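Sequence lines set the chain letters: A, B, ... in the order given, protein chains first and strands last, and positions in each chain run from 1. Since we're looking at a predicted model, the values are computed, not measured.
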There are 2 protein chains.
Amino acid sequence: MNDITRPVLPPVPIAPPPDDPLFVDAIARGFQVLSAFHGASGPLSLGEIAARSGLGKSAVQRIVHTLRHQGYLRRDPRDRGYLPGLRLLDHALDYQRLDPQIARVLPVLMELRRETGERVDFSLRDDLRLVYALRFQSKRGFYSASLIGTSVPLYCTAGGLAVLSRLPRPEAEALLARSSLVPYSQRTLTDPQAIMARVDQARTDGFAIAQEEIVAGEIALGVPVLDEGGQPIGAIHVAGSLSEWDAGSFARSFAPLAMTAAGGLGGG
Amino acid sequence: MNDITRPVLPPVPIAPPPDDPLFVDAIARGFQVLSAFHGASGPLSLGEIAARSGLGKSAVQRIVHTLRHQGYLRRDPRDRGYLPGLRLLDHALDYQRLDPQIARVLPVLMELRRETGERVDFSLRDDLRLVYALRFQSKRGFYSASLIGTSVPLYCTAGGLAVLSRLPRPEAEALLARSSLVPYSQRTLTDPQAIMARVDQARTDGFAIAQEEIVAGEIALGVPVLDEGGQPIGAIHVAGSLSEWDAGSFARSFAPLAMTAAGGLGGG
DNA sequence: GCAGGCCGTATCGCTGTGCGATATGGATGT
DNA sequence: ACATCCATATCGCACAGCGATACGGCCTGC
């Protein structure tokens, strides 16, 4: 299998699974099957899908059959099981096309990319996580450099801290309490109080800095993006390499640019 | 509405809708609702979704309810209807993560981006169209520069012609016959024989060139990407601006690099 | 060789669920 | 004030989708 060829991202705190038994209807089952691939590292067989999705084998059989016909699932070229299908990208495109926030941020982000010369991202908050929605690489992109949809936790990323800093403090604390504070690297803080200290710092600074909290050798700067009502809906990131920058110079170089970019959105 | 703020892409030749009545089951209905957004240019109301998806209003009501709860659909922030939800990006990520072809092409494409300095893409064939699966922008990205999932027809794009050139000639002709040859710009060829001449040219050259066939001011070079069996599964593109290049210099500069990149994949 | 898995596929009733029909109240516009 | 569209809710019946089961092909191990 090709497990080894790709860097295994840390397990992502996936969105809140709506366990409400009311909503486990047939429509949801189709997506349960697709969601079976979230933790996968290669093609899945019918049996594996059934096990991972918690559905019966017969149900999976029928659902997979339909999904294949629709292009949402397909067989592995080497006939080793099933893989997500191309049609999924159509829906991702619709998301990007139609999201007003993305429309608002896209031009600003492109300008920021031009000004900084570094990788810039826009990520959107989904409860306890941030989902990367737009990305412009730098010249030397890392491996996973183009993968939209990657998600990271709020509590240990520059963008996440930036988002937390614009929530009411008790709400941020409650959010941390709901999070499972897993250390993603040696430098990840897992003590809620220490995290809140960084959040407070970010609140006064207007931005947050994170070094190697998810990816080794990477330094990132995050500024919150607010909606019309002043609620933080996501963050703009600037990411660089620690071989070229230290925290001080990175912040001095890019924090004003990033904050100006985010401020120019009209949300605050 | 925000119709105007984004460039309206030409209507995309979407994948073959499997009209097989056998497969219009409940699972498919969930995706029918999501697919209602493919042609949309803003939020959709329940009624609009019902009309576009061909489903009854009650069905749409229930399905939307479920999809909202699962994060695949959400209300427009300004309460003007429904929009695709963030969870869709999770599945798009799974597609990119798990597709062996993408894993194969990604490093090669990054290297090509470094060598050329221009925008490079990898697109995958889905019947009559190419779907952009990976994209690395140049310094000056265009507006839609980061939107994965965009699709373009085979018959009038550099990558599409490259793919056609590696199909058996009768198969390529049959494919053209099935396509609705819409002119996307003044320079789009719609005569099957003229198109086949370009395909033949691409077959001998090993690459194809297209100028402003989809986007004004853009020149693109496409080389086919083959699977282990020698079948064309997609294409690698290099795209530049006509203000900086003409067809001859563009081909001389990048065709060898692109062909070497595609050739280094092991497929042929 | 042959047994034992696990694979994907096919068939077939029963049951439970999702659909159609319908009603209501709130916005919006004229 | 009416008319129109919206989202939401309820309810009973038909039928679609699930569970159970069976079958043939392909490996792996002995």
With the side chain of [X] defined as its heavy atoms from C-beta on, choose the nearest nucleotide among [options].
| X | options | answer |
| --- | --- | --- |
| Ser58(B) | dC19(C), dG19(D), dA21(C) | dA21(C) |
| Tyr82(A) | dG19(D), dA9(D), dG8(C) | dG8(C) |
| Arg29(B) | dT9(C), dG17(D), dA7(D) | dG17(D) |

Next on the checklist: Quick check: Phe136(B) with Phe122(B) (ring centres under 6.0 Å apart)?
Outcome noted: no
Checklist outcome for this item: Axis-to-axis angle across the helix from dG1(C)-dC30(D) to dG29(C)-dC2(D), five pairs each end, nearest 10 degrees, ~ 50°
Quick one: [X] [atom1] to [N] [atom2], roughly how many Å, whole number?
| X | N | atom1 | atom2 | value |
| --- | --- | --- | --- | --- |
| Leu55(A) | dC18(D) | CG | C1' | 10 Å |
| Asp79(A) | dG25(D) | CG | C1' | 12 Å |
| Gln61(A) | dC7(C) | CD | P | 13 Å |
| Ile63(A) | dG18(C) | CD1 | P | 11 Å |
| Leu44(B) | dA7(D) | CG | P | 10 Å |
| Ile49(A) | dG8(C) | CD1 | C1' | 12 Å |
| Leu67(A) | dG17(D) | CG | P | 12 Å |
| Arg78(B) | dT28(C) | CZ | P | 15 Å |

Next on the checklist: For His237(A) versus Ser123(A), what's the shortest heavy-atom pair and its separation?
Outcome noted: NE2-OG, 2.9 Å
Next on the checklist: Check the orientation of Tyr72(A) and His91(A). Use parallel for under 30°, tilted for 30 to 60°, and perpendicular for over 60°.
Outcome noted: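 Ring orientation, 0 to 90° scale: parallel.
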Checklist entry - Stepwise, does the side-chain contact (heavy atoms from CB on, under 4.5 Å) test hold for Leu83(B) with Arg74(B)? => result CA-CA 5 Å; Leu83(B) 287 173; Arg74(B) 59 187 177 138; 3.8 Å; yes
Next on the checklist: Let me spell it out: for each of Lys57(A) and Gly56(B), pick the nucleotide of DNA chain C with the closest heavy atom. Which residue's pick is nearer the 5' end?
Outcome noted: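 With Lys57(A) and Gly56(B) compared, the 5'-side residue is Lys57(A).
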Item to check | Residues Gln101(B) and Arg104(B): side-chain donor-acceptor under 3.5 angstrom | outcome: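 Note: Gln101(B) and Arg104(B) side chains meet the donor-acceptor criterion.
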Next on the checklist: It should be established whether Arg62(A) places a side-chain nitrogen or oxygen under 4.0 Å from OP1 or OP2 of nucleotide dG19(D).
Outcome noted: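 No.
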Next on the checklist: For a quick test of reading the model: is some side-chain N or O of Arg80(A) closer than 4.0 Å to OP1 or OP2 of dG8(C)?
Outcome noted: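 Answer is no, no contact under 4.0 Å.
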Checklist entry - When we call it a touch if two heavy atoms are under 4.0 Å apart, what does Ser45(B) touch: a base, just sugar-phosphate, or nothing? => result sugar-phosphate
Item to check | Intermediate values then yes/no, side-chain contact (heavy atoms from CB on, under 4.5 Å), Leu124(B) and Leu89(A) | outcome: CA-CA 11 Å; Leu124(B) 281 159; Leu89(A) 295 189; over 6 Å; no
Checklist entry - Cation over ring, Arg75(B) on Tyr82(B), under 6.0 Å and within 45°? => result yes
